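Numbered from 1 within each chain, the chains take letters A, B, ... in sequence-line order. All values reported here derive from a predicted model rather than from experimental measurement.
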Amino acid sequence: MHASLTELPRNADIAGLLTRIARFFTLQGDSTYRILAYEKAAQIIRDHPTSVAQLALSGGLRTLPGVGATIEETIREYVDTGHAALLQNLRGEYPDSIVDLLDIPGLGPRKVITLWNELGIDNLDALREACLRGKVAGVTGMGPRTEEKLLAELDAIDVRSSQFLLGFAEPHAYHLAAALRNIPGVSTADTAGSIRRRCSTVQSIDLVAGSRRPNDVMNAFAAFPEVAHVRERGNTSLVGTAHTSIPLHLRVVDPSAYGNLLQYATGSENHNAALRTYALGRGLDISEHGVANKRQDSIFTTPAESCLYDHLGLPWIPPELREDRGEIEAAQGGSLPRLIERTDLRGDLHVHTDWSDGKANIEEMALAARSAGLDYICICDHTQSLAVARGLNTERLYRQREAIAEINNRIEGITILAGCELDILANGRLDLPDGVLSELDFVVASIHSALSQPRKQIMKRLKAAMENPHVDAIGHPTGRLLLRRTAYDVDVECILELAAQTGTALEINSSFERLDIPGNIAQEAVVRGVSLVINSDAHNPEGFGLLRFGIGEARRGWVEPSSVLNTRPWPEMVQILRDPKGGFSRPR
DNA sequence: GCCGTTTTCGGCCCGACTGTTTTCAGTCG
């Protein structure tokens, strides 16, 4: 029995269980629809903002889309006992490690089973050994080329991290798309895939181009200095790798069907599948080549993606929403959100300078913010306990305020506010006294130390910060560092509740290593009437460009401008802040 | 296994590419 809350499995654990079940079903050659059902449920649970285990205990699992009676039963058993009989039975004679083989590109269930049956291979090392001895080439359906490719993949598996930060991949992708557009005969080209959907981490750069001469385009692309090598090359598509080791996918179609391809290549897979199902119900068959109307024996192609959605009787759906999380239904019902845009932001409430660990002075940051189209910024440097960042004590904070006032008098077109990024100490105390905090325009409180404390203590700290009347927002509330460090052990449910109760805003930190809170939690926050702030956490003048990542994350969470405090002009913000915290909560 | 403004049963996405075949199975996105 799971004795207490802290022992409950996390959503990632439950999702992992379902994924594992799906993989064993895959190996056994079970119905693809059953496999898909488990994978879909796993995805939903992985993305769910609050504890699914708690949901299981309260009997609410069936409210999750994709969770029916059978999967509910499995999850409940897992939450109650820590294991699932279904997985034990499925696993049967297979060793646990065999599903690892499915991670190798080129190895699917059939080949894995064949390798197991004919050579007894059940793990990566055994596979490498067999390849080196030339045994794999003799296996049914495999030859020397297969063996060669498998060895290359096995060698690559250690060096290649399969995920890349959006902030890393996006500039490369935009550069390549621009280079594609410069190839003669290319009508247009774009970045598609997960980068276009603004996923915080991506696995590849997906590019699409419109041209009547696809071969010329792929030849030119293959010769780009950024392209390290080409792995596959067909008539209309190319798969390769950049020198930065990120995989590249390029597809080329006739310009007349460019809109169809762009939609297809943007995905997600789940969105496309749902869209196809929707279209099939209307007698239409969607593929990247066009929309076939079987009754009329016609095919619809278009250069413009929006015309494709229009053809299906839907408004254009922003890429960030295309995850099959209700966007098609919302589009049908005319209730798509008016997603926040970068230009909706009037200010940035979390900006560093060289008073702490920033790289530029106050004036440089202010001028850069003005150039970025902002009306106000709040200087929120670190506070004294964060010694590595030269955090400010009371005296330096007061001097900084004076410096800010002087610069405010001198420069036009931007208002500079005085705040701080207040350290929430390991013992739950705050790093500066209330008297000092009360004089600041905006206070962001963040955790930077003792990250591995148990959930209870982490929550005690966050609670103390949120209950302080001078704390306006929690900075990077979960503490996750993408691809590097998981979130500290926060109780998201509890954070949302406290934020709503105390009227404390939650930050969407735009650093592409953080993107914290993530969009799914932001979406839940909005539902509960919690206000958001989207901040750059800029440490240099270029840092305001990061806001586009925070905006993307917010859009993935269906966030509208009205839910984000810094879409308001500063005078309006002052009114809200003057109302001691209560002003933040607004009726829904 | 899930799901319902076509449906509580019968659907559930499909084309490109590779390597091995010798007309296609397996994998991928």
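For Arg110(A), the side-chain atoms get nearest to dG26(B) when compared with the rest of dG26(B), dG1(B), dT20(B). Set against dG1(B), dC12(B), dG29(B), the side chain of Tyr38(A) has dG1(B) as its closest nucleotide. The side chain of His289(A) lies closest to dG15(B), out of dC14(B), dG1(B), dG15(B). Of the listed nucleotides (dC13(B), dC17(B), dC2(B)), dC13(B) has the atom at the smallest distance from the side chain of Leu280(A). Distances from the side chain of Lys111(A) to the nucleotides dG19(B), dT27(B), dC2(B) place dT27(B) closest. Among the nucleotides dG19(B), dT6(B), dG1(B), the one closest to the side chain of Arg282(A) is dT6(B). The side chain of Ser31(A) lies closest to dG1(B) when the candidates are dG1(B), dT20(B), dC14(B). Comparing dC14(B), dG29(B), dG1(B) by their closest approach to the side chain of Asp285(A) singles out dC14(B). The side chain of Tyr264(A) has dG29(B) as its nearest neighbour among dT18(B), dG29(B), dT27(B).
To the nearest whole angstrom, the two C1' atoms, one in dT8(B) and one in dC2(B), are 12 Å apart. If you take atom P in dT7(B) and the same atom in dG15(B), they sit 27 Å apart, rounded to whole Å. Nucleotides dT21(B) and dG26(B) have their C1' atoms positioned 12 Å apart, rounded to a whole Å. A distance of about 14 Å separates the C1' atoms of dC28(B) and dC13(B), rounded to the whole Å. For the P atoms, the distance from dT27(B) to dT20(B) is 13 Å, rounded to whole Å. Annotation: dC14(B) and dG1(B) have their P atoms spaced 23 Å apart (nearest Å).
Residue-level contact check: Gly106(A) touches the backbone only, with heavy atoms under 4.0 Å from sugar-phosphate atoms and none from bases. When heavy atoms are screened at a 4.0 angstrom cut-off, Thr236(A) is found touching the sugar-phosphate backbone but no base atom. As judged by a 4.0 angstrom heavy-atom cut-off over every strand, Val67(A) is placed among residues touching the sugar-phosphate backbone only. Looking at heavy-atom distances under 4.0 Å, Lys149(A) makes contact with sugar-phosphate atoms alone, never a base. At a threshold of 4.0 angstrom between heavy atoms, the contacts of Glu269(A) include nucleobase atoms, whether or not backbone atoms are also involved. Using a 4.0 Å heavy-atom distance criterion, Asn235(A) is classed as a sugar-phosphate-only contact. Across all strands, Ala69(A) comes closer than 4.0 Å only to sugar-phosphate atoms, never to a base (heavy-atom distances).
For the pair Tyr33(A) OH and dC3(B) P, the computed distance is 16 Å after rounding to whole Å. We find that OH of Tyr278(A) is positioned 16 Å from P of dC13(B), with the value rounded to whole Å. Between the P atom of dG19(B) and the CG atom of Leu150(A) lies a distance of 11 Å, rounded to the nearest Å. Note: CD (Glu39(A)) to C1' (dC2(B)) measures 14 Å, nearest angstrom. Remark: C1' of dC14(B) and CD of Glu288(A) are 7 Å apart, rounded to the nearest angstrom. Distance, Arg231(A) CZ to dG19(B) C1': 14 Å, rounded to whole Å. Nucleotide dT27(B) holds its P atom 10 Å from the CD1 atom of Ile113(A), rounded to whole Å. Straight-line distance from the CZ atom of Arg34(A) to the P atom of dG10(B): 18 Å, rounded to whole Å.
Comparing Gly141(A) and Ile35(A) against DNA chain B, the residue whose closest nucleotide sits nearer the 5' end is Ile35(A). Summary of the strand contacts: Thr277(A) and Gln332(A) both lie near DNA chain B, and taking for each the nucleotide with the nearest heavy atom, the more 5' one is attributed to Gln332(A).
For dC9(B), the paired base is dG4(B) (Watson-Crick or G-U wobble, both distances below 3.5 Å).
Between Glu39(A) and Arg46(A) there is no salt bridge, since no side-chain nitrogen of the basic residue lies less than 4.0 Å from a carboxylate oxygen of the acidic one. A salt bridge links Asp103(A) with Arg23(A): the distance from a Lys NZ or Arg NE/NH1/NH2 to an Asp or Glu carboxylate oxygen falls below 4.0 Å. Salt-bridge annotation for Glu73(A) and Arg76(A): absent, with no side-chain N of the basic residue lying under 4.0 Å from a carboxylate O of the acidic one. Of the charged side-chain nitrogens involved, none lies within less than 4.0 Å of a carboxylate oxygen, so that Arg196(A) and Asp206(A) do not count as a salt-bridged pair. Looking at Lys135(A) and Glu129(A), no side-chain N of the basic residue comes within less than 4.0 Å of a carboxylate O on the acidic one, giving no salt bridge.
Put simply, the residue from Glu269(A), Glu327(A), Glu323(A) that forms a salt bridge (Lys or Arg N to Asp or Glu O under 4.0 Å) with Arg197(A) is Glu323(A).
The side chain of Ser287(A) places no N or O atom within less than 4.0 Å of a non-bridging phosphate oxygen (OP1 or OP2) of dC13(B).
Legend: residues meeting side-chain hydrogen bond (donor to acceptor under 3.5 Å, both in side chains) with Tyr264(A), ordered by chain and number and at least two apart, are absent. Residues satisfying the side chain to side chain contact (heavy atoms under 4.5 Å, CB included) criterion with Ala179(A), sequence neighbours excluded, are Phe224(A).
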